[in-house]
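Written out below as structure tokens is the structure these notes cover.
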Amino acid sequence: MSEVTDGEEIMVRPARAGVMIAATCLLVAACTPSETDQTVPSTTMPTPTSVSATAGGPIPVVVDYSPTVSDVGGLLYLLSHPGVEVIAISLPVTGEAGCELGMEVTLGILAMMGRQEIPVACGSDAPAGANQWPEEFLAGHENLSFGLATGLASSFPGTASQLIAETVAGSDRPVTVWAVAPLTNLAQALSDNPEIVSGIEEVVIMGGAVDVPGNTFDGAAEWNLFIDPMSAAAVVASGVPITLVPLDATNQVPVPIWYQAGLAGASQSDQIIYLGQMVRIFPSVTSGFYYFWDELAAAVVAGEVEITSEAATISVVSGGGEQGRTVRDSDGSAVAVATGVVDPEAFYLEFISRLAGSPYQRPVANAAEVAYFDSLRDSVAYLQSVVSEVLSDPDFDSDKAYNPPLVAAGFDRIFGAFQASLVEAEAVEPPDDLAQEHAAYLAELQGVVAARSSIVEGLGNATTWEEAFSVFDQLPGNGACLALVEKAGIVGVDLELVCRE
């Protein structure tokens, strides 16, 4: 990677290279990612070339990850790609899965893929200054081992940092590191063995937020770099060639609502079956708040995604209130920063097709379906405008004192708009293949409208925001509404109904 200056456009080598949102979410699915999450415009659009055709054979890749649905998706992608050779897997003790579960899941995946020869190792103690993952992030992680072989052991006797160093030193070709977890292992390996820098082609890091807000609770940083900020700062400053795949780029590839159906409709390889069951076990993946974080970084490694990028000088804040934050710094290190994804749809299809082992294409809506979805969209236009107007009132802010008359009156207006939407939806004639789903959707709307008096009364009697939030527990489920949105998404129609979350 050549020396670059901050802001210079480059190509990432394609082959190598406080409103009352909580309460409203209980009523409507209006909690989409912040509209302030904007990426810096970039005009460079490299053309991807297949790595499998690269001279010298497949890219040797060291995986540094910790199992989550996104991490295992990226690992499955790399293991499925003929142009990539995964030669070692390291697990940081600071990762979400930790060592015991991380090893169990990883070895099970390798057994499923017939790749037991790949050595796997975990880190030792967490370094000083490391932060903890929130408990709510860790709930249910043990389900990642569901359906996998257990009781397996790795052939490598040492630690993760030793595995990285020995693998890089022993490779007859420069190694690419896919680093999509806290950078504890890589920092230790580089500190103990600085000579391995020359054996690393590049490190592709999923982490950071350069020109967009972070995703930690205070929005200052991105989780991977926040958990071990000192290690992140050390890796970025180490001189190793780095391609950063930050939230700036991953914000552009949200997990689509049709993802589960897409996995079910693809050729049922072992990888697709396993990932499909993980998406079913973790329904939050398709809730609208998840992104293809690590999968995108894997596609960057393989050269199978067209991205925009820029050269920048970056450093990582290693301590204080903004620890883990990636900042533009004239005294920082030169890195390539992915700023965008040219064609998200093409990336989604590439990812599923690669795991399936055959091309996957989404079905296309027929004329009757398009007309039906257009009518549904029209039926919620007034409702959406009322929701937006009510919530724009600055007093709908949970940081302010709870105002019973204001909140009750605002939601009374919203319920009135729900009733108007129901009348319009009842006049829509669905095509035969969607008649059952339409009837279920109407039943849900009727349930929301029927709860109007009780909820408005409860909001008027509440004295705190917490009491107000609990009032919405009496609303009906949202399955039929979300099912219609998913049906539309599967056939390529962008439909945003107002569904209770």
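Sequence positions, counted from 1, serve as the residue numbers for this chain. Treat the numbers as computed from the prediction; the structure is a model and nothing was measured.
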Taking atom CE of Met230 as the centre, report whether more than 12 heavy atoms of other residues, nucleotides or ligands fall under 6.0 Å from it. no
Would you say that more than 12 heavy atoms from the other residues, nucleotides or ligands in this model lie under 6.0 Å from the CD of Glu100, or not? no
Glu201 backbone acceptor or donor facing Thr176 side chain under 3.5 Å: no
Check: Tyr274 and Ile109 side chains under 4.5 Å, non-hydrogen atoms: yes
Taking the six-membered ring for Trp, are Phe217 and Trp223 ring centroids under 6.0 Å apart? yes
Side-chain donor/acceptor of Asn224 to backbone N/O of Val180, under 3.5 Å: yes
Non-hydrogen side-chain atoms of Phe282 and Leu144 separated by less than 4.5 Å: yes
Side chains of Thr339 and Ser309: is there a donor and an acceptor less than 3.5 Å apart? no
Kindly write out the residues that satisfy side chain to side chain donor-acceptor pair (under 3.5 Å) with Asn131, not counting sequence neighbours, or none if the list is empty. Gln323
If every non-hydrogen atom of Ala111 is compared with every non-hydrogen atom of Leu152, which pair is closest and at what distance? CB-CD1, 3.7 Å
Gln260 side chain vs Trp258 backbone, donor-acceptor pair below 3.5 Å: no
Looking at CG of Leu190 and CD1 of Ile200, how far apart are the two atoms once the value is rounded to the nearest 0.5 Å? 5.0 Å
Interatomic spacing from CD1 in Ile272 to OG in Ser353 - rounded to 0.5 Å: 8.5 Å
If I compare all heavy atoms of Pro246 with all of Val337, which pair ends up nearest, and what's the gap? CG-CG1, 3.9 Å
With a 4.5 Å cut-off on side-chain heavy atoms, are Leu296 and Met206 touching? no
Would Trp178 and Val62 satisfy side-chain contact (heavy atoms from CB on, under 4.5 Å), going step by step from the backbone distance to the final call? CA-CA 6 Å; Trp178 178 64; Val62 169; over 6 Å; no
Side chain to side chain donor-acceptor pair (under 3.5 Å) between Thr106 and Tyr65: does it pass, once the steps are laid out? CA-CA 10 Å; Thr106 302; Tyr65 93 133; 2.6 Å; yes
Can you see which heavy atom on Gly208 is nearest to which on Glu222, and at what distance? N-OE1, 3.0 Å
Exceeds 12 heavy-atom contacts within 6.0 angstrom, atom CD of Glu195: yes
Donor-acceptor under 3.5 Å (Gln268 side chain, Leu263 main chain): yes
Are any side-chain N or O atoms of Ser66 and backbone N or O atoms of Ala97, one a donor and one an acceptor, separated by less than 3.5 Å? yes
Please collect all disulfide bond (SG atoms under 2.5 Å apart) contacts where either partner lies in residues 68-137, sequence neighbours excluded, each pair once. Cys99-Cys122
For Ser333 against Val236, the heavy-atom pair lying closest together: OG-O, 2.9 Å
Passes side-chain contact (heavy atoms from CB on, under 4.5 Å), Val341 versus Glu306? Steps please. CA-CA 6 Å; Val341 180; Glu306 196 172 0; over 6 Å; no
Gap separating the CZ atom of Arg354 from the OG atom of Ser80, nearest 0.5 angstrom: 8.5 Å
Just by modelled atom types, is the Ser287 backbone N or O under 3.5 Å from a matching donor or acceptor in the Ser284 side chain? no
Would you sort out whether Glu350 and Tyr77 count as a side chain to side chain donor-acceptor pair (under 3.5 Å), showing the intermediate values? CA-CA 10 Å; Glu350 154 64 19; Tyr77 178 87; 2.7 Å; yes
Phe137, CZ atom: more than 12 neighbouring heavy atoms under 6.0 Å: yes
My understanding is that only residues two or more places apart in sequence, or in another chain, count here; which of them pass side chain to side chain donor-acceptor pair (under 3.5 Å) with Glu345? Arg362
For the pair Asp343 (side chain) and Ala346 (backbone), establish whether a donor and an acceptor sit closer than 3.5 Å, ignoring hydrogens and angles. yes
For residues Val177 and Val61, determine if any side-chain heavy atom of one lies less than 4.5 Å from a side-chain heavy atom of the other. no
Among all residues two or more places apart in sequence or in another chain, which pass the side chain to side chain donor-acceptor pair (under 3.5 Å) test with Asp218? Thr216
Carefully, step by step, assess Val245 and Thr250 under the rule side-chain contact (heavy atoms from CB on, under 4.5 Å). CA-CA 7 Å; Val245 184; Thr250 62; 4.1 Å; yes
Side chain proximity check, Val105 to Val72, heavy atoms < 4.5 angstrom: yes
Side-chain contact test, heavy atoms from C-beta onward, threshold under 4.5 Å: evaluate it for Asp331 versus Ser315 and give yes or no. no
Under 3.5 Å, is there a donor on one side chain and an acceptor on the other for Ser267 and Ser358? yes
Evaluate the side-chain proximity of Lys400 to Asp395: yes if any heavy-atom separation is below 4.5 Å, no if none is. yes
Please report the interatomic distance CG(Leu107) to CG(Leu110), rounded to the nearest 0.5 Å. 6.0 Å
How about Leu163 and Pro119: do any of their side-chain heavy atoms sit closer than 4.5 Å? yes
Could you tell me whether a side-chain N or O of Asn251 sits under 3.5 Å from a main-chain N or O of Asp248, the two making a donor and an acceptor? no
With side chain to side chain donor-acceptor pair (under 3.5 Å) as the test, would you mind laying out the steps for Thr313 and Asp329 before giving the verdict? CA-CA 6 Å; Thr313 51; Asp329 180 0; over 6 Å; no
Looking only at non-hydrogen atoms, find the nearest pair between Phe351 and Gly73 and report the distance. CE1-O, 3.4 Å
Glu117 side-chain N/O to Ile87 backbone N/O, donor-acceptor pair under 3.5 Å: no
What distance separates Asn185 CG from Ser161 OG, expressed to the nearest 0.5 Å? 6.5 Å
Compute the centroid of each ring, for Tyr259 and then for Phe292, and state whether the two points are separated by less than 6.0 Å. yes
Within residues 124-200 or reaching into it, pairs that qualify as disulfide bond (SG atoms under 2.5 Å apart) - sequence neighbours excluded: none
Tell me the closest heavy-atom pair linking Ser238 and Val197, and the distance in Å. O-CG2, 4.4 Å
Strictly by modelled atom types, are Thr184 and Thr94 linked by a side-chain donor-acceptor pair under 3.5 Å? yes
So salt bridge (Lys or Arg N to Asp or Glu O under 4.0 Å) across residues 279-296, not counting sequence neighbours, yields none
Counting N and O atoms only, with roles assigned by atom type, does the side chain of Gln384 sit under 3.5 Å from a partner on the main chain of Glu496, one being a donor and the other an acceptor? yes
Output for pair (Phe156 CZ, Gln162 CD), nearest 0.5 Å, gives 5.5 Å
Where do Leu79 and Ile118 land on the side-chain contact (heavy atoms from CB on, under 4.5 Å) test, with the steps shown first? CA-CA 11 Å; Leu79 291 170; Ile118 298 175; 3.9 Å; yes
